[in-house]
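Below: one structure, written as C-alpha cells.
Not measured: the values here are computed from a predicted model. Position 1 is the first residue of the sequence; numbering continues from there. All ligand and atom numbering here is 1-based and tracks the order in the structure.
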Amino acid sequence: MSFTTQLSLIVLLCFSLLTLIRSESSSLSGREKSTYLSPAILFANYDKMIAEFKIYVYAAPKALSPTFTSSPESMFYSNLIRSEFVTRNAEEAHLFFVPFAPDTSTRALARLVREIRQSFPYWNRSLGADHFFISRAGIDYSSDRNVLELKKNSVQISCFPTKSGNFVPHKDITFPPPVDSPIELPHAPENRTTTFLGYMKLNKDDKSTWNFIDELVDDQDFLIESEPSDHKSNINTSKYCIFLYNSDMNCFVEAIAQGCVPVIIADRPIQDLPLMDVIRWSEIAVVISTRGGVKGMKLVLSEISEDRLEKMKESAVVASKNLVWNAAPEPYDAFYMVMYQLWLRRHTIRYTRREFV
Ligand SMILES: *[C@@H]1O[C@H](CO)[C@@H](O)[C@H](O)[C@H]1NC(C)=O
Ligand SMILES: *[C@@H]1O[C@H](CO)[C@@H](O)[C@H](O)[C@H]1NC(C)=O
Ligand SMILES: *[C@@H]1O[C@H](CO)[C@@H](O)[C@H](O)[C@H]1NC(C)=O
C-alpha cells in the first residue's frame with residue numbers, strides 16, 4: 001500500500017469517527033448536555049447496565065433480616081431483590097449485596113462479614129471492594145477488621161445528607177431524598193411570578209439560636225415557615241428554595257421539579273449529593289456558606305443573572321426525573337440511577353490491609 005493510500009485511509013477513518021461522534025452528541029439536547037457530567041457516556045452505558053448488570057445477594061441471617069423504614073431504603077431494597085439484576089449464579093455477578101437490618105450492632109455486623117468471608121470466596125478476592133450495603137446513617141470506623149473492610153472497601157448507600165465522617169467520597173452513594181407526596185414532573189419550567197427571593201421550610205430542630213436563621217426570619221425578602229403547611233404552593237412563591245445542609249431535605253426534589261432553584265447552606269464542601277457522579281450539580285444548585293450572613297447570601301444570589309437562572313431551572317427539570325422514586329421503577333428514575341452508580345463502581349479499587357508490618 002502506498003503512503004498516500006494509507007494517508008487517505010487514515011483521513012477517511014478519522015472523518016467517519018468524527019461524524020459518528022457528532023451524530024451521537026447531536027442526538028442529545030442542549031439541556032441534557034448541561035445537566036449531566038458526561039451525557040453521551042451516560043446514555044450508552046445505562047443501556048449496557050440494563051442488559052448486563054448482575055448482582056449476587058447474600059442471604060441475611062434471620063435476626064438481621066432487613067426491614068427498612070425510610071422510603072428510599074425500602075423502595076430500593078424491594079425493587080432490587082425483585083429485579084432482573086439479581087442472579088443466583090455468584091460467578092457471573094459484578095457486585096455482591098450484603099443486606100442487614102438498619103439497627104444491626106457493630107458486633108453483629110462483624111460476625112456477618114466474617115461468615116461471608118469464610119463461606120464464600122468473593123470477599124477475600126477483593127477484600128469487599130465489589131460488595132455493597134445499605135445503611136441509612138452510614139457506618140462508623142471500627143477497630144474490627146471485618147467492619148473496617150466493609151467501611152473502607154465496600155460501597156455504602158445511605159440517605160442524603162449523611163453525617164460528617166460517615167461518607168467516603170468516590171466510593172459511597174446517597175439515595176435521593178423522598179418526597180412527601182407524589183409530584184408531577186414538568187416538561188419545562190413554569191413561567192411564574194415570584195413574590196419572594198427565597199423560601200425555607202424550617203424544622204423544629206433547626207430552631208436554634210443560629211444567627212443566620214434569625215436574620216432570615218427577619219428579612220422581608222424571604223418566606224420562612226416553621227409550621228407544617230402546604231409547602232408545595234409555597235415553593236411556588238419564591239425564586240430560590242433554601243435548605244440547611246444536614247437538615248430535613250424532604251422538599252428538595254419538589255423544589256427542583258418546580259423550578260425553584262435550590263440554595264444549600266453549608267459551611268463545608270458537600271460531597272454526598274445524590275447522583276454526584278452523574279448530575280452536574282453546579283448547573284442546578286447554589287451552595288453558600290453562612291460566613292457572609294444573609295447579606296452575603298443575597299449578594300451571591302444577586303450576581304446570578306436571569307439568563308443563568310433560567311438555564312438552571314431547565315437543567316433542574318431535566319434532572320428531576322432522575323431523583324424521583326416510583327413504586328414501580330421507571331427508566332432513569334431514582335432506583336435505576338442508584339443502580340447506575342453501582343454499575344459505575346463495579347471496577348473498584350480496594351484498600352488493602354498490610355499483612356506484614
Ligand atoms: C479468607 O481469608 C481468611 C484469612 O484472612 C481465611 O480465614 C478464610 O478462610 C478465607 N476464606 C475462604 C473462603 O477461603
Ligand atoms: C414569561 O413571562 C414573561 C412576562 O410575564 C414574558 O416576557 C416571557 O417571554 C415569558 N417567558 C417564557 C419562556 O414564556
Ligand atoms: C404554581 O404556580 C403555577 C402558576 O404560577 C400554577 O399553575 C401551579 O399549579 C402552581 N403549583 C402548585 C403546586 O401550586
If the test is salt bridge (Lys or Arg N to Asp or Glu O under 4.0 Å), which one of Asp277, Asp172, Asp130 qualifies with Arg345?
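That would be Asp277.
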
Quick one: do [X] and [Y] make a salt bridge, cutoff under 4.0 Å?
X      : Y      : result
Arg308 : Glu283 : yes
Arg111 : Glu115 : no
Lys239 : Asp221 : no

Could you tell me whether some N/O pair between Arg117 and ligand 1 is separated by less than 3.5 angstrom?
yes

Any atoms of ligand 1 less than 4.0 Å from a non-hydrogen atom of Phe120? List them with their elements.
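Atoms satisfying the 4.0 Å criterion: 13 (C).
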
Taking 4.0 angstrom as the limit and counting only heavy atoms of Arg145, give me the atoms of ligand 1 inside it, by number and element.
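Reading through ligand 1 atom by atom, the close ones are 5 (O).
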
Compare Asn124, Ile116, Leu127 and give the one whose heavy atom is closest to atom 12 (C) of ligand 1.
Asn124

